[in-house]
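Values in this document were obtained by computation on a predicted structure and should not be read as measured data.
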Amino acid sequence: MTQTLTPTQNSGASGTEPTKTPWWEFFTFSVDHKVIGIQYLVTSFVFYLVGGALASAVRVELATPDSDLVDPAFYNSLFTMHGTVMIFLWIVPAVTGGFGNYLIPLMIGARDMAFPRLNAIAFWLTIPAGMLLMSSFFFGPASTGWTAYPPLSILTNEHIGQAIWISSIILVGTSSILAAVNFIVTIWAMRMPEMDLFSMPLFCWAMMATSVLALLATPVLAGAMVLLGFDLLIGTNFFNPTGGGDPVVYQHLFWFYSHPAVYVMVLPVFGIISEVLPPHSRKPIFGYKAIAYSSMMICALGLFVWAHHMFTSGTPDWLRVFFMVATLLVAVPTGIKVFSWVATLWGGKLRLESPLLFAMGFISTFLIGGLSGVMLGSTPIDIHVHDTYFVVAHFHYVLFGGSVFGIYAGLYHWFPKMTGRMLNEFWGKVHFVLTFIGMHLTFGPMHILGLQGMPRRVAQYDPQFAPINVICTIGAFVLAISTIPFVINAVYSWFKGEQAPDNPWDALTLEWTTSSPPIPHNWIGEPVLLNGPYDYGEEYKDARKEAIAASQAAT
Amino acid sequence: MKKNNLISVVVIIGLVFAASIWYARNNGLLPVAAGDEAVLYDGLFNTILAIAFGFFLIVEGVLIYSIIKFRRRKGDDTDGPAIHENLSLEIIWTAIPTVIVMWVAIYSFDVYTAMQGSQNLDAMAHGGMHHTVAKHERGGMPMSKATLASSNSDGTLMAGTMPAGGDDVIAINVSAMQFAWIFNYTDEIATAELHVPLGKKVRLNMNAVDVLHAFWVPQLRIKQDVIPGRETFLEFTPRVVGEYPVVCAELCGSYHGGMRTTMVIDTPEDYQAWLKEQQEVASNDPEAIVATNSRSSVSQMSEQEYLAGKVAQLGGEHQHMMMNH
């Protein structure tokens, strides 16, 4: 379990290596995993801003009980597009395509992904998918929710918008499948020879679990979309009850993908947290194997919980009970992760800078989403709050308090590696505080709304809920404002920020052993493992120094 | 030192317990429980909430303590201790949640059978049965043998476990459409407002005309999708007189948010009087259904309420209404 801190060995090869990625390559069909990773991150962040603008419009409409900002039909389009953009064009591409592509080869000592061209194709599928989806604003965008339940999605007035929506989902789905194959092969076959499975960084385990899920589940979604498209466009009756079809079958197919999709969005973020905590708390990750296995357990269990979205759909009793038990069991591996992270922090030397603040923010908010998830897993509890603001609160605690906080933790942690520049720490802290306050202000009160009786996806609601909705809307404004310091900080720092050293956090995973930003072929010569990914701790310090000295002496 | 640590852990766990139980009893998160099922629901909800709140306090407490106690002091560039794992601790935090979620599953299953499972029994037996919900409430034990014995997971009836209820059940046919509810009591009586009598078991046989809807009364804690082309049903026993909202909880189109009406729990006498009144109205003027049920006059209605009423009158022609909008 050793790993190099000296990128300069075997420097004889350096004469032929390109040393810098030209700026224009980021706008081309590049096959470099680092370029593709940054392409994914920047593109998805742009869509995050689009999705955020849509969310703001939703919250402004909901500031009053009546439907007064937009036409109620268009309101339905707003939240439909908000959900679709955030899931398919922001979180999934950012955490898998962005961080996965950038980090996996660097963490396992590879020069690139296993299939670089396939990788580029996967990225360039998301661009037309996103453009297509945006174009539907000219025709009347889909308005049947990101779930697009038939028969509403078949009888909808926004025929063209719905058809565009379906095509767009099929495109991003294809991209997701291609990326999943690439990650599985890369992690399995491209590790440097010295690195066995249990000396991989935990992010690699998380990406393996994610990719297996995406590979098994996404084709089912694609199939459902094709059938729904047929129903919509050429009048088949797969899901249309007037022609003998069954709308509930669609729900099974849809959730067979879309529940695992939640794990696709959050497992890589679990990986990010496991990478960010140890260097910033100066302690080894607590319970490496437990965290690694729990990712695989979540992957396995995650395939058998989909019908907990259908407890009110007229599903038979035995099915409701089976999916309740399976769903509640997911709490166990998730709990293992949370406890292990907290134990990692315990007794450490916490460097409370932006990456660790966002990582701890992740733990504290994701915890709430996890606990409300256990409540929702219980069938009778779910029946009351299904399709209410309680559910909206729950999944925003998971996907905003979870995924988005984790993405920010990762961005602050790896920005110096990706760009060679440091982010401004003061504005990072401002960003964190605003995001944290905005998050709880927006989504916390929604728990109460749902329990008290406010359904989701409504433009008009009972006036008794108005005060709480005003709080949520104020929170949404805080969230919207919170992105401003980040965007300015990121853009400014990218060009003018303080130069980043190769290893600003004194971290031990392989990506920190090369230059910041890494050269196109990642390392000059071969990377060498001198230590395990998490060998932090006073006791290891001397051993670490000796290993570095020895490797330098060897060259 | 060690002894002091142990004492403080015990004290903290005691405080967490106390806080969780207090919160479970005083959270005030749920609206009034207007049906027998809602009482069962609230017991389960408050129990799980207490457990969740306990975990919440422990984890957040440790996080906040860590920020204060373990933050890096200026000039300290050392690492923390190289602790990689602690097997017994890991076994504990795997085993305890496993036991808890399994217990939650069993408790939930029991409440579920009491709240929902009886539907299928009734579907088999048609006449409907007097399911004594109150027994579970008083019984205290989450795993009640009576409920488990009375139905297996298929919901098929196991003989001899249930008393026959006879004509105790009030059956109402519910029709859902964009963007209104129609409640059919008999062939003649159809209303847009749901009236049910106190203390009698009510069964709703539900059907949708166009797209998916969902029948939800928050104060009853029950919800069921209403699906075109297949009948779904709900059962409940009203226990508190009052007016409660009926809400459509499944996205059904532009005016989904306006698809609301009222459920009135009447005393049995009021219910009979209301039923008689409806009978008279129906025999005089079948077209007047919508006008009588709404408490406000047309001028006080919002656009959506007016539209919903119109849609209800037009019945099958509602699609055209949508087009016009």
Side-chain angles (χ1 to χ4, degrees), chain A residues 72-73 145 149 151-152 155 241 247 282-284 286-287 290 312-314 317-318 321 324-325 328-329 331-332 335-336 339 342 345-352 360 363-364 367 371 374-375 378-381 383-384 386-387 448 451-453 455 457-461 536-541, chain B residues 29-31 41 44-45 48 52 55-56 59-60 62-63 66 70-72 76 78-82 84-85 90 93-94 97-98 101 104-105 108-109 111-112 115 117 120 153-155 211-212 214 218 221-225 227-229 232 245 247 249-258 304:
Chain A
Y149 276 7
L152 185 64
L155 305 173
R282 310 312 299 166
K283 266 188 70 198
F286 189 97
T312 68
S313 296
D317 278 351
W318 68 265
V321 172
M324 169 173 76
V325 175
L328 290 173
L329 276 177
V332 175
I336 290 173
F339 295 134
V342 171
L345 293 167
W346 187 266
K349 308 273 182 180
L350 308 187
R351 297 179 175 174
L352 294 170
M360 292 181 79
I363 299 173
S364 68
L367 172 75
L371 292 171
V374 172
M375 307 185 87
S378 161
T379 308
I381 301 284
I383 285 172
H384 171 51
H386 176 75
D387 263 327
I448 304 170
L451 290 166
Q452 290 282 324
R457 296 172 166 166
V458 292
Q460 315 119 280
Y461 57 86
Y536 299 94
E538 264 324 274
E539 295 92 318
Y540 287 124
K541 262 197 167 165
Chain B
L29 290 169
L30 290 163
Y41 180 97
L44 176 66
F45 177 86
I48 302 182
F55 275 98
F56 170 82
V59 175
E60 305 289 359
V62 172
L63 283 177
S66 300
F70 303 123
R71 71 180 192 281
R72 187 184 77 105
D76 181 1
T78 59
D79 277 9
H84 282 276
E85 58 193 359
E90 289 176 72
W93 72 44
T94 307
T98 309
V101 296
V104 166
S108 301
F109 175 74
V111 170
Y112 175 72
M115 285 177 72
N120 290 335
S153 56
D154 284 323
V211 298
L212 299 177
R221 320 274 193 272
I222 52 173
K223 184 183 288 128
Q224 173 61 53
D225 285 6
I227 304 169
T232 54
V247 181
E250 181 67 64
L251 177 62
C252 63
S254 312
Y255 291 95
H256 166 53
Q304 293 78 35

(message) If I compare all heavy atoms of A:Pro455 with all of B:Val247, which pair ends up nearest, and what's the gap?
(response) CG-CG1, 3.4 Å
(request) Grab the two heavy atoms, one from B:Arg221 and one from B:Met115, that are nearest each other, plus how far apart they are. (result) O-CE, 3.8 Å
(message) Is A:Leu352 in contact with chain B via its backbone, its side chain, both, or neither, using a 4.5 Å heavy-atom distance?
(response) side chain
(request) Name the region of B:Glu250, side chain, backbone, both or neither, that has any atom closer than 4.5 Å to a heavy atom of chain A. (result) both
(request) Return the option, out of A:Ile448, A:Leu328, A:Ile381, with the maximum number of heavy-atom pairs under 4.5 Å with chain B. (result) A:Ile381
(request) Using a cut-off of under 4.5 Å on heavy-atom pairs, state which of A:Ala459, A:Pro241, A:Gly453 scores highest against chain B. (result) A:Gly453
(request) Taking all heavy atoms of B:Gly80 and all of A:Lys349, pick out the closest pair and write down the distance. (result) N-CG, 3.8 Å
(message) Within this structure, what is the CG-CZ distance for the pair A:Leu367 and B:Phe55, rounded to the nearest 0.5 Å?
(response) 9.5 Å
(request) Could you have a look at A:Ser378, A:Ala73, A:Pro247, A:Pro284 and say which one has the most heavy-atom pairs with chain B under 4.5 angstrom? (result) A:Pro284
(request) Calculate, to the nearest 0.5 Å, the distance between atoms CG and CZ belonging to A:Leu451 and B:Phe45 respectively. (result) 4.5 Å
(request) Mind ranking B:Ile227, B:Leu212, B:Thr232 by heavy-atom pairs under 4.5 Å with chain A and telling me who comes out on top? (result) B:Leu212
(message) Which label fits A:Phe339 and B:Trp93: parallel for a plane angle under 30°, tilted from 30 to 60°, or perpendicular past 60°?
(response) tilted
(request) Specify which of B:Gly229, B:Ala105, B:Pro245, B:Ala214 makes the most heavy-atom pairs with chain A at under 4.5 Å. (result) B:Ala105
(request) Select one option (side chain, backbone, both, neither) describing which atoms of B:Leu63 are under 4.5 Å from chain A's heavy atoms. (result) both
(request) Tell me, for A:Met324 versus chain B, whether the close heavy atoms (under 4.5 Å) come from the side chain, the backbone, both or neither. (result) side chain
(message) Counting only non-hydrogen atoms closer than 4.5 Å, does A:Ile336 touch chain B with its backbone (N, CA, C, O), its side chain (CB onward), both, or neither?
(response) both
(request) Quick one: which of B:His256, B:Glu60, B:His84 has the most heavy-atom pairs under 4.5 Å with chain A, could you say? (result) B:His84
(request) Using non-hydrogen atoms and a 4.5 Å limit, figure out which bit of A:Tyr536 sits close to chain B: side chain, backbone, both or neither. (result) both
(request) Please report the closest heavy-atom contact between A:His384 and B:Pro218, naming both atoms and the distance. (result) CE1-O, 3.3 Å
(request) Please report the C-alpha distance between B:Ser108 and A:Thr379 in whole Å, then the side-chain angles of each, then the deciding distance to 0.1 Å, and finally whether the side-chain contact (heavy atoms from CB on, under 4.5 Å) criterion is met. (result) CA-CA 7 Å; B:Ser108 301; A:Thr379 308; 5.9 Å; no
(message) Heavy-atom pairs under 4.5 Å with chain B: which of A:Gln452, A:Arg457, A:Met375, A:His386 has the most?
(response) A:Gln452
(message) Quick check for you: among A:Tyr461, A:Phe286, A:Tyr149, which has the greatest number of heavy-atom pairs under 4.5 Å with chain B?
(response) A:Phe286
(message) If I compare all heavy atoms of A:Leu152 with all of B:Leu251, which pair ends up nearest, and what's the gap?
(response) CD2-O, 3.6 Å
